[in-house]
Amino acid sequence: MSLTLTTAGESHGPALVAIVSGLPAGLALDRQAIDADLARRQQGYGRSPRQKLEQDTVELLAGLRHGRTLGTPLALVVRNRDHENWAWGMSPWPPEGEPSGKGTKPVTLPRPGHADLAGSLKYGLGDARDALERASARQTAVAVAAGAVAKALLAHIGVTVEGRVAGEGLEERIDEARTDRDTVGGVVEVAARGVPPGLGSYASKEDRLDARLAAALMGIQAVKGVEIGAGFELAGRRGSEAHDEILADAEGALYRETNHAGGIEGGVSNGEDVVVRAAMKPLPTLMRPLRSVDLETGEAGEALVERSDVAAVEALAVVAEAAVAFELARAAREKFGGDALGDFVGAWQSYVDRIPWRTR
Ligand SMILES: Cc1cc2nc3c(=O)[nH]c(=O)nc-3n(C[C@H](O)[C@H](O)[C@H](O)COP(=O)(O)O)c2cc1C
């Protein structure tokens, strides 16, 4: 059983769309829980006024009846309220009438750090807007909705997933950067609790849970580094300080006192918390723009300036949580299968009854 996510949608287009396939039938979804995650993604220090404008909510177009999944593809939509300001500029069909609103002029001064230049060259575009609209992290809204669905599934097997900003001093860094009309990045951490041993596999590199989580996190805009457990720090430690000793309690259930491995050994979850971190680079749209070259005239200039966040680290914590939840749900669907929710949960139950594992 394979759980998949396909998304479509541009930043200022009419809507963002996701199709989630491979869910069991009978999973109850809570509209408010999905909308709460969408709201969490929009909050956070350093975001642009657009977040107030959008107030994202999810619409369900298929795969759900009376709040329960049908076991068929689930179609989710998050509309872009801002589209009304871009109705001409982002019209899917050739626009009618005189140009009006935003997005009417071509973007020819690519922003260093964004997809403007690479996308324009790759696709042969005269207007970098055709690249940046999809490259934009606006699409993470619908991925967060899909992540909320994944979390609803994982809850049935006792797994919770939580993302947070790692490290301190972010608000001060944001304040300073805003004053300087600059941007900042940061680090987020996602911890998944209750993950049973045995998700993922060492059989091939595509199956490894660490590789899959790294790809899921690197798949998020602006993420440039991923660590599993103690990650880069492990390189400087001795083996005796790096590995988590295996202990048994009075009932024979196995556990660890430390979790430097971040809950994954050999590409397989080992029953401890799965802990991953992602490093986000500073956002590329600067209110004091960097040097660029006009792709139309070849002349030196300054990069595009448009409404933008100073930082989106708190938002990344929510997006990364969704990405990790979806990947864990995918791995759980592979291991426990089942067309009906009860089959999936039953397979998990008989497996955890068989193994000497102690949930924390
Ligand atoms: C939640 C979130 C919000 C973002 N908001 C902005 C933004 O307002 N302005 C900006 O220039 N980049 C923003 N980014 C980053 C860009 O989308 C990203 O840097 C760009 O698409 C280029 O991709 P890359 O950084 O992965 O190379 C955001 C990223 C995330 C995850």
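These numbers were taken from a predicted model, which means no experiment stands behind them. In listed order, ligands and their atoms are each counted from 1.
For atom 9 (N) of ligand 1, the closest non-hydrogen atom of the protein is Ser308 OG, 2.7 Å. Distance from atom 1 (C) of ligand 1 to its nearest protein heavy atom, with residue and atom name: Ala315 CB, 3.8 Å. Protein heavy atom in closest approach to atom 3 (C) of ligand 1: Ala312 CB, 3.4 Å. Looking from atom 17 (O) of ligand 1 to the surrounding protein, the closest heavy atom is Gln221 CB, 3.4 Å. Annotation: atom 29 (C) of ligand 1 to nearest protein heavy atom, Ala137 CB, 3.3 Å. For atom 12 (N) of ligand 1, the nearest protein heavy atom (residue, atom name, distance) is Pro284 CD, 3.3 Å. Closest to atom 5 (N) of ligand 1 among all protein heavy atoms lies Asp309 OD2, 3.2 Å. The protein atom (non-hydrogen) at minimum distance from atom 22 (C) of ligand 1 is Gly113 O, 3.5 Å.
The only member of Glu314, Glu321, Glu189 that meets side chain to side chain donor-acceptor pair (under 3.5 Å) when paired with Arg164 is Glu189.
Side-chain atoms of Arg41 do not come within 3.5 Å of backbone N or O of Val142 as any donor-acceptor pair. A donor-acceptor contact shorter than 3.5 Å is absent between the side chain of Arg277 and the backbone of Val226.
Defined by atom type and a distance below 3.5 Å, a donor-acceptor pair is missing between the side-chain atoms of Asp35 and Thr57.
The CZ atom of Arg256 sits 11.0 Å away from atom NE2 of His243, with the distance rounded to the nearest 0.5 Å.
Which of Leu283, Val188, Val310 comes nearest to atom 14 (N) of ligand 1 through a heavy atom is settled by distance: it is Leu283.
Counting the atoms of ligand 1 from 1 in the order shown, those under 4.0 Å from a heavy atom of Lys281 are 19 (O), 24 (P), 25 (O), 27 (O). Interface of Ile220 with ligand 1, defined as ligand atoms under 4.0 Å from a residue heavy atom, comprises 31 (C). Listed by number with element, the atoms of ligand 1 under 4.0 Å from a non-hydrogen atom of Ala222 are 15 (C), 19 (O), 24 (P), 25 (O), 26 (O).
The distance criterion of under 3.5 Å between nitrogen or oxygen atoms is met by Thr285 with respect to ligand 1. In terms of polar-atom proximity, Lys224 is counted as a contact of ligand 1, with an N or O under 3.5 Å from an N or O of the ligand.
Using a 4.0 Å cut-off between charged nitrogen and carboxylate oxygen, Arg129 and Asp127 do not count as a salt-bridge pair. Salt bridge annotation for Asp82-Lys102: absent, with no cationic side-chain nitrogen under 4.0 angstrom from a carboxylate oxygen. Salt bridge Glu327/Arg330: present, at least one basic N to carboxylate O contact under 4.0 Å.
Using cut-offs of 30° and 60° for the angle between ring planes, the Tyr351 and Phe336 rings count as tilted.
The proximity of Val223 to ligand 1, defined as any non-hydrogen pair under 4.0 Å, does not occur for either the backbone or the side chain.
The shell of residues lying under 4.0 angstrom from ligand 1, judged by heavy atoms, excludes Arg307. Taking a 4.0 Å cut-off on heavy atoms, Ala135 registers as neighbouring ligand 1. Ligand 1 has at least one atom lying under 4.0 Å from a heavy atom of Met280.
Here the side chains of Ser308 and Ser48 are not in contact, with every heavy-atom distance at 4.5 Å or above.
The environment of Gln349 atom CD is dense: over 12 non-hydrogen atoms of other residues, nucleotides or ligands sit within 6.0 angstrom.
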